[in-house]
Each structure stands twice: as structure tokens, then as C-alpha cells.
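First up is the structure itself, then whatever we jot down about it.
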Amino acid sequence: MATDSWALAVDEQEAAAESLSTLQLKEEKAKPDANGDNLVDTTNQVEVLQRDPNSPLYSVKSFEELHLKPQLLQGVYAMGFNRPSKIQENALPMMLAEPPQNLIAQSQSGTGKTAAFVLAMLSRVEPGNKYPQCLCLSPTYELALQTGKVIEQMGKFYPELKLAYAVRGNKLERGQKISEQIVIGTPGTVLDWCSKLKFIDPKKIKVFVLDEADVMIATQGHQDQSIRIQRMLPRDCQMLLFSATFEDSVWKFAQKVVPDPNIIKLKREEETLDTIKQYYVLCNSRDEKFRALCNIYGAITIAQAMVFCHTRKTAGWLAAELSKEGHQVALLSGEMMVEQRAAVIERFREGKEKVLVTTNVCARGIDVEQVSVVINFDLPVDKDGNPDNETYLHRIGRTGRFGKRGLAINMVDSKHSMNILNRIQEHFSKKINRLDTDDLDEIEKITN
DNA sequence: AAAAAAT
């Protein structure tokens, strides 16, 4: 990777667990090293690499400094945002710069990525033009709905602005173009709308956002569809890639497919979320895991909990068994009808359901503030049976949002799964302690 | 293995 022409700047932050809203940044000027490159002090948390050395490198401390359109600033404040989060301080000036620049950004779960790219889309959209100009891709139906809500809320002071949901089940009449200026959707439907069905003219897209970008461009993820969509976009389309995780090979691929990107990157050792306490429970079988879960059901329903299973089948089984024991739970997996999925996630958001049994469909992005416990009923593994560190981080990131405390409990039921857990510990250099599910004091202490 | 499609 050529870094010659890059300017670098750095944020210093000692206390990673400190609440984001109270963070005080210490700006540091880029320091040339022996080669004349601008280099980073390795003790720092965030690396910012700006492609164009001529454009001044800066971060903002307030939304006013961004000179947003009044109706957008109004939308930002109406959502209750007072000042930019850490990622927003650095990413917003880059995303709003003229001419538009591409960005690949990595930032922890719950640090305000969504609001950042929504703001970027809204600042570029021209509501008077009745055709899609901004396109955002999400990996799942539920996340597309959630992000769509943020777009609608933040854009509600634009009287003419409309949002289209390109998701399963949203069937439109053939042979017409859509007039909505912003489109949020999942890869399959968006691809259909752009190619076969021609509801969208991809050549008119000005801003393209990939949320959970690593899984969107990973070979094992949505790569084919996302890249096919990307290739239909105009050359000067601004591309914004966001995720909490970028595994090495995916990171390289991202830089290959995104021309001249600015980069905001979190340092590896700062990845694990210090606000989340992690434990494991030792069992001998799936049934023992089930009984252990029954034991702690009372403690985890003080707030809300998400229980992750490896397969849809296990999730369905577990939800049914818990119900039989008299424990109320909701089930969400990709085999369900989209209408049902929308209803379940809505009930969970409203707090009408305390426990959601689910698959990796909910591993990423889903933001329900009252979730204080994440349970890995099955540890996350990839198709080869190796630990899936990225998914682990995303799953436990469903709790501890915006600096709140959280609890993650991993259920181990064999030598094999103990081995998986050990490798996850090693990857994050983070000790995961054993928890006795008969001793509820510890759990209640943290969930309170 | 899950998710993503008007296949």
C-alpha cells in the first residue's frame, strides 16, 4: 500500500471505556518520519489517513462547524444528537468535502456509524430531483428497516424527501421508475431494481453506502451482488464503507475495489469492548446448555437479552423448549416470512419481548438499547468450523451500546467448543472467565 | 451455516 501522499492525523485517547459523549479529544499534528511520510504514534487509538494531502485535515467538535443545510441540522438535533461522536468528528468532514471523496471506516459497535453515513447521504441529496441519488446496502432485512428509520427521522425536515425500501416483499408495479431520492435495501432486491426490473437508474447514484461493509464484500458474504451493483454505478459516485470489523483479506479487497479511499481505522488492540464483561458457562451437552439458560432466565429478563444459535433449526428448537418451560421468548430467523420478522423485531424493540432467540441474522447492527445480555448458545464458527472472531465481536456488540455496560455469556458444551472459545480469547487477548449459573449473584450484579 | 432473490 502506497502511503507516500497520505497525510495522517491521530486522536489520542487513554480511557477506551469512557462514555463517548464525554470524550475530550486531544488533537495531534501529523509528524513527518525519516522518510518524509506522516506517521502515527502507535499508542493512539484511531488512525486517520487522508488521500488528498492538499485538503486540510481536521475534525469537528460540533455539527455547526459542518455548515449543513438548516433542515438537516434541524433533523440532527431533533434526533437528540448534541455533538458528534468520535467517528463522526473525523468522518463527517471527509465525507462532506468537495469534490466528494471515498471513505473506508472502521469503528466499534454503537459509536454512531449509521448517523454518520445517513448525514452524508442527506447532505448530498437534492430533494427536487425525483429519482434515486443515494443508495445504501444492508446485509439483512431487519437492519435495512432500522437504518431506514434513521434516514426518515434525520431527513424529516426536507418536505419533498422520500425513501424507498428495496427489500424482500416490497413488490412494485413493473415498468416504472421510482421517484424516491434515497434507497435503502438488501443486496438481492437492490440488484433486481437496478438491473432486471430497472426501477433505479444506477448511473444517477451520487452516494453509495455499504453498511457492515466487510460482510457485504466478503466471499462468504454478499460479495457477488454488492460488487455487481457497485459496477453499475458511475465512476464519480462517492463510496462509503462502514463496519466495526475488517478481517485482513477483506480489508485488502476493500482498498482494491474502492478508488483512492480515505481511511479511518481502529487499532487492533482497541477492538474489544471494555464495557462488556465476558464469561463462559461449562456444560456437557446441548440439554445442559438449555437447563443453564433456564436457570439464568430470571436474571437476564431484568433488561433484554439476545440468544444466538448457529442454525435456524437450533434457534427454533430452543425457542420452543423455552416456551414449554413457561419462559416467554421470541424467535427470529431468516426462514420466517418478512412480515413476521418485521413484527417480531418491532415487539422486541418495544420491550414486549424480553428475550430474542435468533441466528446470525441479528448478529450485526441491530440496535436495541435495553439489551444488556448477549448469550452465545452456540459459539460463532465459520463454514469450516473455525472461530468466527468478527461475528463474535458483532454479536457481543449488540450490548454495551454507546458506552453502556453489557454482559456476554458463552455456552460451551464440548472439548471442541472449549477450543473455539480459547482461540477467540487468544485472538482478542482477553480472558473470558468461567461463570457458575447456579450462582446468580454475579449475573444480577452486572445486569442491574 | 446464515443471509441475500420477483431466480
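Numbers restart at 1 for each chain; the letters A, B, ... are given by sequence-line order, proteins then strands.
If you measure from atom CD1 of A:Ile229 to atom C1' of B:dA5, you get 11 Å, rounded to the nearest angstrom. The separation between A:His222 atom NE2 and B:dA4 atom P is 6 Å, rounded to whole Å. Rounded to an integer number of Å, the gap from CG of A:Leu379 to P of B:dA2 is 16 Å. Per the geometry, CZ belonging to A:Arg341 stands 8 Å off C1' belonging to B:dA3, to the nearest Å. Remark: P of B:dA3 and CG of A:Asp382 are 16 Å apart, rounded to the nearest angstrom. Atoms CD (A:Glu212) and C1' (B:dA2) sit 15 Å apart, rounded to a whole Å. The nearest whole Å value for the distance from the CG atom in A:Asp214 to the P atom in B:dA2 is 19 Å. One can place CH2 of A:Trp193 at 10 Å from P of B:dA6, the figure rounded to the nearest angstrom.
Relative to the side chain of A:Leu172, the nucleotides B:dA4, B:dA6, B:dA1 differ in distance, and B:dA6 lies closest. Out of B:dA6, B:dA1, B:dA4, the shortest distance to the side chain of A:Thr186 is found at B:dA4. When distances run from any side-chain atom of A:Thr359 to the nucleotides B:dA1, B:dA4, B:dA3, the shortest one goes to B:dA3.
With respect to A:Lys149 and A:Glu346, a salt bridge is recorded, a charged nitrogen being found less than 4.0 Å from a carboxylate O. Between A:Arg347 and A:Glu350 there is no salt bridge, since no side-chain nitrogen of the basic residue lies less than 4.0 Å from a carboxylate oxygen of the acidic one.
Remark: the A:Gln220 side chain and the B:dA1 base include a donor-acceptor N/O pair separated by less than 3.5 Å.
Contact annotation: A:Thr311 side-chain N/O to B:dA1 OP1/OP2 distance is not under 4.0 Å. Residue A:Thr140 places no side-chain N or O under 4.0 Å from the OP1 or OP2 atom of B:dA2. Taking only side-chain nitrogens and oxygens, A:Arg228 never comes nearer than 4.0 Å to OP1 or OP2 of B:dA5.
Under the 30°/60° scheme for interplanar angles, the aromatic rings of A:Phe199 and A:Trp193 are found to stand perpendicular.
Contact annotation for A:Arg174: base contact, defined as any heavy-atom pair under 4.0 Å involving a base atom. Heavy atoms of A:Leu197 sit under 4.0 angstrom from at least one base atom. As judged by a 4.0 angstrom heavy-atom cut-off over every strand, A:Arg364 is placed among residues making no nucleic acid contact. Within the 4.0 angstrom heavy-atom criterion, base atoms lie near A:Phe199.
With A:Val361 as the fixed residue, the side-chain contact (heavy atoms from CB on, under 4.5 Å) test singles out one of A:Glu335, A:Arg341, A:Met336, A:Arg312: A:Arg341.
A:Asn360 and A:Arg395 share a donor-acceptor pair across their side chains, judged by distance under 3.5 Å alone.
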